[in-house]
Amino acid sequence: MSRRFTEPKLVVATHNKGKLAELRALLGDYPVELVSAGDLGLPEPEETEATFEGNARIKAHAAARASGLPALADDSGMACAGLDGAPGVYSADWAGPGKDFGPAMARVVRELAERFGSFAEADRAAAFVSCLCLAWPDGHDEIVLARSPGQLVEAPRGPNGFGYDPIFVPDGFGQTFGEMDPAQKNAISHRTRAFQLLKERCFTPA
Ligand code: IMP
């Protein structure tokens, strides 16, 4: 049986101010005060699992245990079918310490071309994945996972978005996420879908 969120305060298990702002917008209609793990001075746990669920769990439970409050964590990335799901949970790591996604996108394209003989012949199916874990200090958690499926293109296109957006064309569209208007991307993104699932399961609007 799933548990609903009824507390007045929620820790967002991130040290990233952008993510906190994004969650504030997504939970705008709900009567909850958000505070980040960074603001509470909580340590950042190591993401040692090989799955999105595993890493979201590590982050949410660490923050819930340390703060004594319910905590929400997300883990996301891009999984390429032709690379057996890579870069997956290592999506951010492929960009290196400088968080440069030019070389990371080039690596995806190069590895597909190497494996299949050429990029044109490669399995270009990919999906962005977003996993959310809402954990309570007593150890209970609720987990949701959503995907945004699409196809990869060889040459990056478009100035919008971030990460791997310029080489990803979502199914049913002709533009990459990098070319799309941000509102259009948000309407179909993996993160929006995961939030919708979590809200339906756990949150009651004001
Ligand atoms: P996280 O902060 O560990 O969840 O890292 C997620 C990584 O996945 C990001 O650094 C991006 O590389 C990639 N990623 C996740 N969502 C998106 C998206 O919507 N567009 C492009 N890249 C994404």
Side-chain angles (χ1 to χ4, degrees), residues 12-26 36-38 44 46-47 49-56 58-59 72-113 119 122-133 144-196 198:
V12 179
T14 182
H15 286 63
N16 177 332
K17 286 203 185 329
K19 270 196 186 165
L20 182 65
E22 187 180 313
L23 292 186
R24 279 221 168 89
L26 284 160
S36 80
E44 268 186 285
E46 280 223 50
E47 300 181 27
E49 295 286 328
T51 62
F52 295 110
E53 292 94 330
N55 286 328
I58 286 179
K59 291 185 267 190
L72 177 64
D74 83 311
D75 203 49
S76 60
M78 186 178 76
C80 302
L83 299 177
D84 303 324
V89 295
Y90 307 107
S91 294
D93 298 343
W94 278 30
K99 296 194 188 333
D100 187 349
F101 282 92
M105 290 188 281
R107 180 173 167 188
V108 168
V109 168
R110 188 178 66 246
E111 290 201 5
L112 282 170
F119 184 81
D123 179 351
R124 283 165 277 164
F128 280 118
V129 180
S130 169
C131 180
L132 296 170
C133 176
V144 294
L145 185 135
R147 293 155 51 85
S148 189
Q151 294 283 323
L152 298 172
V153 293
E154 187 167 13
R157 303 193 320 239
N160 298 328
F162 67 99
Y164 298 87
D165 280 345
I167 56 167
F168 181 83
V169 177
D171 285 348
F173 295 82
Q175 292 183 314
T176 66
F177 266 172
E179 292 172 306
M180 274 186 176
D181 184 76
Q184 202 181 1
K185 173 187 168 185
N186 287 340
I188 57 166
S189 88
H190 45 306
R191 236 180 312 282
T192 306
R193 288 178 176 161
F195 253 91
Q196 197 50 41
L198 188 71

Please enumerate all residues that pass side chain to side chain donor-acceptor pair (under 3.5 Å) together with [X], with sequence neighbours excluded.
X	answer
Thr192	Ser189
Asp75	Lys59
Thr14	none

*Have a look at Phe128 and tell me which of Phe52, Phe177, Tyr164, Phe162 forms a ring pair (Phe, Tyr, Trp, His ring centres under 6.0 Å) with it.*
Phe177
With the side chain counted from C-beta on, respond yes when [X] and [Y] share a heavy-atom pair under 4.5 Å apart, and no when they do not.
X	Y	result
Phe168	Thr176	no
Leu198	Leu72	yes
Val12	Arg24	no
Leu152	Cys80	yes
His190	Arg147	no
Leu20	Asn16	no

Enumerate, atom names and distances included, each donor-acceptor pair closer than 3.5 Å involving a side-chain atom of residues 86-101, sequence neighbours excluded.
unit_1 : atom_1 : unit_2 : atom_2 : d
Ser91  : OG     : Met78  : N      : 2.9
Ser91  : OG     : Gly88  : O      : 2.6
Asp100 : OD1    : Gly102 : N      : 3.1

*Residue pairs passing the salt bridge (charged side-chain N to carboxylate O under 4.0 Å, His left out) test where at least one lies in residues 172-189, sequence neighbours excluded*: Arg157-Glu179, Asp165-Lys185
Residue pair [X] / [Y]: nearest heavy atoms and the distance that separates them:
X	Y	result
Val169	Gln175	CG1-O, 3.6 Å
Glu154	Val109	O-CG2, 3.5 Å
Asn160	Pro182	ND2-CD, 4.3 Å

I'd like to check the salt bridge (Lys or Arg N to Asp or Glu O under 4.0 Å) partners of [X]; sequence neighbours left out, ordered by chain and number.
X	result
Glu53	none
Arg107	Glu111
Arg191	Glu22

_I'd like to know if the side chain of Ser76 and the backbone of Cys131 have a donor-acceptor N/O pair within less than 3.5 Å._
no
_Among residues at least two apart in sequence or on other chains, which ones pass side chain to side chain contact (heavy atoms under 4.5 Å, CB included) with Pro156?_
Met105, Pro166, Ile167
*Pairing residues for Ala125 by the side chain to side chain contact (heavy atoms under 4.5 Å, CB included) criterion, not counting sequence neighbours*: Ala81, Asp123, Gln151
*CA sep, side-chain torsions, deciding dist, call: Arg193, Ser148, side-chain contact (heavy atoms from CB on, under 4.5 Å)*: CA-CA 8 Å; Arg193 288 178 176 161; Ser148 189; 4.0 Å; yes
*I would like to know whether Lys19 and Asp74 meet side-chain contact (heavy atoms from CB on, under 4.5 Å); could you show each step before the answer?*
CA-CA 9 Å; Lys19 270 196 186 165; Asp74 83 311; 3.1 Å; yes
*Evaluate side-chain contact (heavy atoms from CB on, under 4.5 Å) for Phe195 paired with Val144, printing each intermediate quantity in order.*
CA-CA 8 Å; Phe195 253 91; Val144 294; over 6 Å; no
